[in-house]
2 protein chains.
Amino acid sequence: MGMGRPREFDAETALDRAMEVFWRHGYEGATIAQLTEAMAINPPSLYACFGNKEGLLKAALDRYTKLRGVWMDEVVAAPTARDVAERMLMGIADKQTDPANPPGCLLVQGGIACGTGSENVPFELATRRAQNEDQLRDRFVRAKAEGDLKPTSDPAALARYVSAVSVGMGVMASSGADREALRQVASVAVQAVEAQSGS
Amino acid sequence: MGMGRPREFDAETALDRAMEVFWRHGYEGATIAQLTEAMAINPPSLYACFGNKEGLLKAALDRYTKLRGVWMDEVVAAPTARDVAERMLMGIADKQTDPANPPGCLLVQGGIACGTGSENVPFELATRRAQNEDQLRDRFVRAKAEGDLKPTSDPAALARYVSAVSVGMGVMASSGADREALRQVASVAVQAVEAQSGS
DNA sequence: CCACATTTGTAGCGACCACTACATATCTGG
DNA sequence: CCAGATATGTAGTGGTCGCTACAAATGTGG
């Protein structure tokens, strides 16, 4: 018995193309026709490989968070809570205005509000954003233990705050805000973390 | 010559219903069938009154920003820049988790990413968000002139920052964050404004 | 070279979308 | 009571959506 005809496209590069379409148009705004054209394949290949449109989104989200995870590891490696916040928010200011990528963040842009039948897409996005926040919280817990943050500070609240600012910057970027505007926001935002630093 | 049959529904209450549908499902996620059912009218009445789907959205956005404008006037009436920020962000924490309304903010929830053919919907939302930011900036300019903010502070950057945090909170709320979580974010965010206070 | 497994491209499926033609109903001005 | 004007409800329109049946193409094991 044979092993069948091998696929003629590379799944990872196809995912990268799909990721960009979701990133730019959102989940419901992206059509199968756009996706297959960007991926340079035909619908049956898409469905054989990813199941359906939502499966393709999940695969794209996984790839996105995996790539961002590498960067987040560098972020939380900063020496102090303040530096973590600065590195993250300034990095976001740069990344979300990088013309190499669609503006904003896929985890926001992908689709906040969805129509009936796609209710769990926002949930998928929120879950992945929460992972980021957890990583940040763990880092701030450590900062508090090390005396880098005040004993009265709330690491979870700080993490939520930095995460919220990130999301806000993502929406700004998708609305056309330039890098300087985002850096201003990041710069001010860091001051709140700074206010919780020292003993 | 007669003046024709009078309309049997109240346009404002119908608009309120439509606003809620857009708020909950986004622009593209909201269908004409859902809208007409919520408004308790039939499609021809909708099109005769609002032109088309996008016209209905604009009317809903105008009504939304008008209602919020009243509240924003109270916000910028706070005595100091810090109090403006606190009143605004804490107010948002409450409003965006009020079960009487859909979670989040219509100007974000309405639709960040849209499909081909609706590209100007995100623009409409961003424009109305910018109006809010302008109002905030004017207030911070005054605060700086009054010595309430440091001479080195940047009112425009502060306004952008508060606006960005608001948007971030809106996305959090639409993802199911509770009031306490939003208040924590607001509380931390105010500290950055506080860092620019005094001389 | 053959039987089998899998992919690929074409072509089109039913469902739903925003939107509207049309006949009917309900008003005002004369 | 009548003529003109506008609103309403029914019942669709063409177009696009996500998705798939099917046959041809391309691989492997015997």
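Labels below follow one simple rule: chain letters A, B, ... track the order of the sequence lines, proteins then strands, and each chain is numbered from 1.
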In B/S/- notation (B base, S sugar-phosphate only, - none; protein heavy atoms under 4.0 Å), nucleotides 16-25 of chain D written 5' to 3' is -SSBBB---B

Here the distance between atom C1' of C/dC17 and atom CD of B/E37, to the nearest Å, is 16 Å

B/N42 atom CG is separated from C/dC19 atom C1', nearest whole Å, by 14 Å

To the nearest angstrom, the CD1-P distance between A/I41 and C/dT8 comes to 8 Å

- Query: Salt bridge between B/E133 and B/R129, side-chain N to carboxylate O under 4.0 Å?
  - Reply: no

(Q) For residues A/M39 and A/Y27: do they belong to one hydrophobic cluster (side chain heavy atoms under 4.5 Å, members Ile, Leu, Val, Met, Phe, Trp, Tyr)? (A) yes

Are any of B/S45's side-chain N or O atoms less than 4.0 Å away from OP1 or OP2 of D/dT8?
yes

Sorted by position of nearest nucleotide on DNA chain C, 5' first, the leading residue of A/A48 and B/G4 is A/A48

request  = Determine, step by step, whether A/R137 and A/D134 satisfy the salt bridge (Lys or Arg N to Asp or Glu O under 4.0 Å) criterion, reporting the C-alpha distance in whole Å, the side-chain angles of both residues, the deciding distance to 0.1 Å, and the verdict.
outcome  = CA-CA 5 Å; A/R137 188 201 54 212; A/D134 288 346; 3.6 Å; yes

Looking only at D/dG29, C/dT7, D/dG27, the nucleotide nearest the A/R7 side chain is C/dT7

Across all chains, not counting sequence neighbours, the side chain to side chain donor-acceptor pair (under 3.5 Å) partners of A/T116 are B/Q34

Distance-only donor-acceptor pairs under 3.5 Å for side chains of residues 151-159 of chain B, two or more places apart:
{"residue": "B/S153", "atom": "OG", "partner": "B/K150", "partner atom": "O", "Å": "2.6"}
{"residue": "B/D154", "atom": "OD1", "partner": "B/A156", "partner atom": "N", "Å": "3.1"}
{"residue": "B/D154", "atom": "OD1", "partner": "B/A157", "partner atom": "N", "Å": "3.2"}

Can you label the angle between the A/Y64 ring and the A/W23 ring as parallel, tilted or perpendicular, going by 30° and 60°?
-> perpendicular

A/F9 CZ to D/dT26 P, in whole Å, measures 17 Å

